[in-house]
A.B. asks: 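Pasting a structure here, questions to come.
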Amino acid sequence: MFWEKEFETLRRKDLEKLQVDRLKKTINQAMESPFYKELYAAKGITAERISDVKDIRELPFTTKQDLRNHFPYGFLTQPKKEIIRLHSSSGTTGNPTVIFHNRHDIASWANLMARSLFCAGIRDTDVFQNICGYGLFTGGLGFQYGIERLGCLSIPAGAGNSLRQIKLMRDYGTTAIHAIPSYLGRLYEVFQAEGLDPRKDTDLRIFVIGAEPHTEEQRRRIEEMFGVKAYNSFGLSEMNGPGVAFECTEQAGLHIWEDAYLIEILDPETLEPVPDGEFGELVMTTLDRQAMPLIRYRTRDLTRIIPEPCACGRTHARIDRIAGRSDDMFIIKGCNVFPMQVEGVLLRIPEVGSDYRITLEEINGADEMIVEVEVKKDWFNGDIARLEKLTRVITSQIRDEVLAKPIVRLVEPGAIPKGKGKAVRVIDKRKQIATQIQTT
Ligand code: ADP
Ligand code: ZN
């Protein structure tokens with residue numbers, strides 16, 4: 001079952017041909033923008049140089065810094081009269097960047113979103129509650145347009161206010177939800193506090209989770225808590241937002257829509273392609289965007305291609321769940337650590353609750369990794385020996401995984417403060433001191 005069978009099941013050869021045609025068009029379109037015009041003129045680049053998808057390797061990269069340096073209109077290929085919307089990224093890693101869309105771009109994005117939702121088993125008979133900020137963040141309107149294009153009854157609930165969210169679900173018989181994974185543990189706690197069981201007291205059947213890194217363990221936990229299937233949704237503002245890559249019902253990697261994006265997985269150091277199946281940085285080129293095409297955009301997200309064909313019949317490549325961003329990685333006691341490694345360890349331990357936080361700080365002259373871990377509500381009973389035993393287990397399992405010994409602190413459920421948007425997993429107090437020194 002497909003949303004657009006002719007595109008989703010294109011033979012690889014035909015898909016690549018389509019990509020080459022669209023890449024040439026994209027290059028010509030991009031050259032209408034001040035940024036690419038100057039860059040490509042200086043390097044003598046024209047669309048004629050492209051006869052194979054591999055030829056993209058001759059083009060220079062585009063980075064977030066380029067977007068910032070040419071803020072706001074330097075990448076625009078059309079007069080403002082043609083533009084109907086802008087979105088800007090949430091700025092998790094610095095100043096925001098802005099992306100502009102014309103009518104075609106918005107329609108194309110809505111279609112990709114509908115295709116993505118359909119691929120995860122959502123149908124026009126579903127009642128879809130979008131628990132996500134509406135506004136400049138792409139997860140609100142991006143999903144909204146896709147849900148409507150697919151034909152679901154949409155509930156544009158917005159973020160926060162869990163009691164209201166639960167009431168909406170129960171009043172209208174919500175069957176599908178989109179939310180960030182770190183919010184769902186909290187939502188479940190509110191269900192419990194109200195004496196409700198989402199499995200019995202709602203009609204929920206499908207969750208779409210994404211916008212932030214999460215582990216397979218976290219997905220499984222969400223599925224068990226709510227009695228639903230949870231599908232991974234990946235996107236980034238620079239590539240529209242959600243609807244870039246999505247899991248199908250096989251739940252074995254995310255199909256990345258290759259008629260709309262040309263993807264490369266490169267070694268982040270050498271910027272050479274890694275062999276198929278190996279992890280590297282995802283570099284993406286838009287193939288169907290007019291107002292603001294981006295060519296060889298370095299996402300900083302680390303993933304790999306899953307080389308085997310998918311059982312669902314879609315021919316578009318699958319990527320593995322994002323292992324982290326290259327700028328998420330931190331170094332502690334000489335070891336390179338990704339927050340998702342720590343999450344993976346924690347969520348395999350049944351006593352561990354739904355939240356955790358990593359703080360890096362200097363204690364008595366040594367850099368330490370402090371891991372605060374919420375334990376499950378029914379487990380927390382003040383028995384010191386039990387707490388100490390669990391602390392030891394968590395400490396040694398994290399050390400085995402990341403090779404650096406953490407300081408583990410168990411805390412009550414709800415003790416870790418929660419922000420409004422994406423979860424902040426790591427607080428690096430060492431950096432704060434370093435930047436303070438730099439600026440004074
Ligand atoms: P910001 O970069 O400010 O967070 P975006 O809202 O554009 O702004 O976020 C895009 C980023 O969010 C991606 O580059 C990626 O790092 C992360 N992300 C989005 N979806 C997922 C997902 N399903 N799994 C892991 N990370 C994700
Ligand atoms: Zn599939």
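Just follow the structure's listing: the first ligand is 1, and inside any ligand the first atom is 1. Because only heavy atoms are used, hydrogens play no part in the values below, and waters and symmetry mates are left out as well, while side chains stay in.
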A.B. asks: Show which atoms of ligand 1 fall inside a sub-4.0 Å distance from at least one heavy-atom site of F137.
C.D. replies: 6 (O)
A.B. asks: State whether D14 and R11 are salt-bridged, where the test is any N-O pair (Lys NZ or Arg NE/NH1/NH2 against Asp/Glu carboxylate O) under 4.0 Å.
C.D. replies: yes
A.B. asks: Is the closest basic N to carboxylate O distance between E32 and K37 below 4.0 Å?
C.D. replies: no
A.B. asks: Checking W109 against H104 for the ring pair (Phe, Tyr, Trp, His ring centres under 6.0 Å) test, could you report, in this order, the C-alpha distance in whole Å, the side-chain angles of both residues, the deciding distance, and whether it holds?
C.D. replies: CA-CA 9 Å; W109 178 16; H104 165 88; over 10 Å; no
A.B. asks: What part of I322, side chain from CB on, backbone N/CA/C/O, both or neither, has a heavy atom under 4.0 Å from ligand 1?
C.D. replies: side chain
A.B. asks: Mind checking whether N232 contacts ligand 1 via backbone (N, CA, C, O), side chain (CB onward), both or neither, at a 4.0 Å heavy-atom cut-off?
C.D. replies: side chain
A.B. asks: So does M340 get a backbone contact from the side chain of T215, meaning a donor-acceptor N/O pair under 3.5 Å?
C.D. replies: no
A.B. asks: Quick test of your reading of the model: are D259 and R115 salt-bridged, counting only N-O distances below 4.0 Å?
C.D. replies: yes
A.B. asks: Could you tell me whether the side chain of D328 and the main chain of R325 form a donor-acceptor pair under 3.5 Å?
C.D. replies: yes
A.B. asks: Taking distance alone, with no angle check, do H214 and ligand 1 share an N/O pair under 3.5 Å?
C.D. replies: no
A.B. asks: Who's closest to atom 25 (C) of ligand 1 heavy-atom-wise, of P181, S88, P213?
C.D. replies: P213
A.B. asks: Can you spot which of H214, R220, Q218 makes a side-chain hydrogen bond (donor to acceptor under 3.5 Å, both in side chains) with E216?
C.D. replies: R220
A.B. asks: Go through ligand 1 atom by atom and flag the ones less than 4.0 Å from a non-hydrogen atom of S237.
C.D. replies: 5 (P), 6 (O), 7 (O)
A.B. asks: Strictly distance-based, threshold 3.5 Å: is any side-chain N or O of T77 a donor or acceptor partner for the main-chain N or O of Q290?
C.D. replies: yes
A.B. asks: Out of all atoms in ligand 1, which are within 4.0 Å of some heavy atom of G235? Include the element for each.
C.D. replies: 10 (C), 13 (C), 19 (C), 20 (N)
A.B. asks: Compute the angle centred on the Zn ion (ligand 2) spanning SG of C310 and SG of C312, and express it rounded to 10 degrees.
C.D. replies: 110°
A.B. asks: Does A211 reach ligand 1 with a nitrogen or oxygen that is under 3.5 Å from one of the ligand's nitrogen or oxygen atoms?
C.D. replies: yes
A.B. asks: Begin with the C-alpha distance, continue with both residues' side-chain angles, and end with the deciding distance and a verdict on ring pair (Phe, Tyr, Trp, His ring centres under 6.0 Å) for F246 and F234.
C.D. replies: CA-CA 6 Å; F246 232 83; F234 168 77; over 10 Å; no
A.B. asks: Enumerate the atoms of ligand 1 whose separation from the nearest heavy atom of G210 is less than 4.0 angstrom.
C.D. replies: 23 (N)
A.B. asks: If I take every N, O or S atom of H255, is at least one of them less than 2.8 Å from the Zn ion (ligand 2)?
C.D. replies: yes
A.B. asks: Any nitrogen or oxygen of S233, side chain or backbone, less than 3.5 Å from one on ligand 1?
C.D. replies: yes
A.B. asks: For the 3.5 Å polar cut-off, considering only N or O atoms, please tell me whether D301 and ligand 1 meet it.
C.D. replies: yes
A.B. asks: So for K422, does at least one of its heavy atoms come nearer than 4.0 angstrom to any atom of ligand 1?
C.D. replies: yes
